[in-house]
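Every chain is numbered from 1, with letters handed out A, B, ... down the list of sequences.
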There are 2 protein chains.
Amino acid sequence: PGEGNGAASDFLLSGFEKIEVLRDSAREKNIFIHGKIAGQEAVVILEKTPIREETLPEIFKDSRLELEMKNDIYSTYKLQPPPHLNEIKTTVVCPATEKHVKKYLRQETYLLEESGEDYLSITLPFIQSQSFSVQWVYNILEKKAEADRIIYEDPDPELGFVLLPDFKWDQKQLDDLYLIAIVHRRDLKSLRDLRSEHIPLLSNIRKGGQEAIRKRYGVPANKLRVYLHYQPSYYHLHVHFTSLSYDAPGSGVERAHLLSDVLQNLEADPRHYCSRTLCFPARADDGLLRKFKEAGKV
Amino acid sequence: PGEGNGAASDFLLSGFEKIEVLRDSAREKNIFIHGKIAGQEAVVILEKTPIREETLPEIFKDSRLELEMKNDIYSTYKLQPPPHLNEIKTTVVCPATEKHVKKYLRQETYLLEESGEDYLSITLPFIQSQSFSVQWVYNILEKKAEADRIIYEDPDPELGFVLLPDFKWDQKQLDDLYLIAIVHRRDLKSLRDLRSEHIPLLSNIRKGGQEAIRKRYGVPANKLRVYLHYQPSYYHLHVHFTSLSYDAPGSGVERAHLLSDVLQNLEADPRHYCSRTLCFPARADDGLLRKFKEAGKV
């Protein structure tokens, strides 16, 4: 595209009227903005481009540099590279529908602290009132769905589980390996229900899952992160297996509980997960957050 | 810093000779480069800065825009914003040791399990043999460096700490808020040294840090992730405060330990961190991994 396009485009965005920032990521250096262009609804997405090795010589040669801080052998600077080496990828959706806007909208997240009593008086009634369907889980366990995706099964009704790839993993590379072990027994909703009597079940999942992943994918146990979520996204006990080198969504300390810690906690105190205060993140639109607020706990 | 600093700094990097790219991330828009500055070993880290909402009007008004693709309601562009709104955060370590170079080199990662005995027989001797310098920490505590960056201090020699922004945070937006609390006392190396007698210290850090962050940045406690690393990157006790909405590097369950869990663990068992098996990720070139291998633990 020549100057003509450039000029036309300039006009397009200079007339952009921001309504609100839907989402942004300081880590990924992007921002999603809802607004209007010439009276039409629009979503504009800006994302900084990766730093390319082949541009480094020119960046080092032609940038403006300003010292910010110096301490011992460490110093930090603000660097202004030549504009053509430092572009922002821009995506415009226009006219955008309400669905586009909602798709990109990020909700605020709050860290809640749930004591054992809070669980019984707030969380458990909430879970029961929602009657979240886990029919899709039962379909898997009964081979009515996704049977061809199961990579390992231990059919024991007490200690058994099925292991299958998570939907988020396309199985095309091992970098972002992500599998889920789903237990056969149906009476355990989450981490909160675990007691020392479940140690054999959990040990079996750890050992069986690790072994199956080593056999199938060649990934050894010490390259896996094995954990449970609290709160889980569905209330039928399951365990996550992700590649240690993959910064998997939901593997942050505020939501993930390493299976090896869970086992040690249950060995030290059979009722650990009954009595302990657990932190978990809740989105602003989460019904559970509302319940905690109503109970004066936020 | 004025123009003088700018000019001097320009010279510094224009003479940088690249040896190799140690690591880069297309997701995070950063690159870690090993090279030489005026004959001295150096590591230079470039990372693009997050896109700040308040700069958007100027970006939309004054950028050069070039159309790349148009399909139905979707179009993409290359945008060149004004240089002062599109800086690259630059960190220079010079002179850098082999350790610095190794630290930034992308490596395979393995999960190790360290029992309390492994700590005493393998890890502790290794830490002592390395005699990692924490002079830069003492410089901060003694106000010999970075004194202007301290945002809060509790000067008590037993319970006190200083709170300051982490190097990784440029403080321009709250999305990736990242502060570190460094304790004044010098006898605590890491999580492993914590006993129930340190509960007052840890509670004081949690409360004081949260309050200081709320006052200074308006971010409430329930939007913060407060945790320790194990292994830490330096063996002088410190606590991380990051924005809950920021997927901070090092906040994964394999390395981070929520301060609220640490407090509960110490209340339940004064010697929890003395006796418990702790998992931690170790890179292939980590001397500690070698020691674990030599001891037949991997």
So what's closer than 4.5 Å to chain B heavy atoms on [X]: side chain, backbone, both or neither?
{"X": "Val44(A)", "answer": "side chain"}
{"X": "Arg225(A)", "answer": "side chain"}
{"X": "Leu56(A)", "answer": "side chain"}
{"X": "Asn30(A)", "answer": "backbone"}
{"X": "Ser245(A)", "answer": "neither"}

Would you mind checking which part of [X] comes under 4.5 Å of any heavy atom in chain A, side chain (CB onward), backbone (N, CA, C, O), both or neither?
{"X": "Glu47(B)", "value": "both"}
{"X": "Ser243(B)", "value": "neither"}
{"X": "Ala42(B)", "value": "neither"}

Self-check item: Short side-chain donor-acceptor distance under 3.5 Å, Lys78(A) and Thr49(B)
Solution: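 Looking only at side-chain atoms, Lys78(A) and Thr49(B) do not form any donor-acceptor pair under 3.5 Å.
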
Quiz item: Are His84(B) and Glu58(B) close enough that a side-chain donor and a side-chain acceptor fall under 3.5 Å?
Solution: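 Result is yes, a qualifying pair exists.
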
Exercise. Please identify each residue that fulfils side-chain hydrogen bond (donor to acceptor under 3.5 Å, both in side chains) with His100(A), with sequence neighbours left out.
Key: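 Testing His100(A) for side-chain hydrogen bond (donor to acceptor under 3.5 Å, both in side chains), a comparison that skips the adjacent residues, returns Thr97(A), Tyr74(B).
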
Quiz prompt | is_close_aromatic(Tyr227(A), His257(A)), centroid dist under 6.0 Å | solution =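 For Tyr227(A) and His257(A), the ring centres are not under 6.0 Å apart.
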
Practice problem: Give a yes or no on whether a salt bridge exists between Glu53(A) and Lys18(B), defined as a side-chain N under 4.0 angstrom from a carboxylate O. | Solution: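 Judged by the 4.0 Å cut-off on N to carboxylate O distance, Glu53(A) and Lys18(B) do form a salt bridge.
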
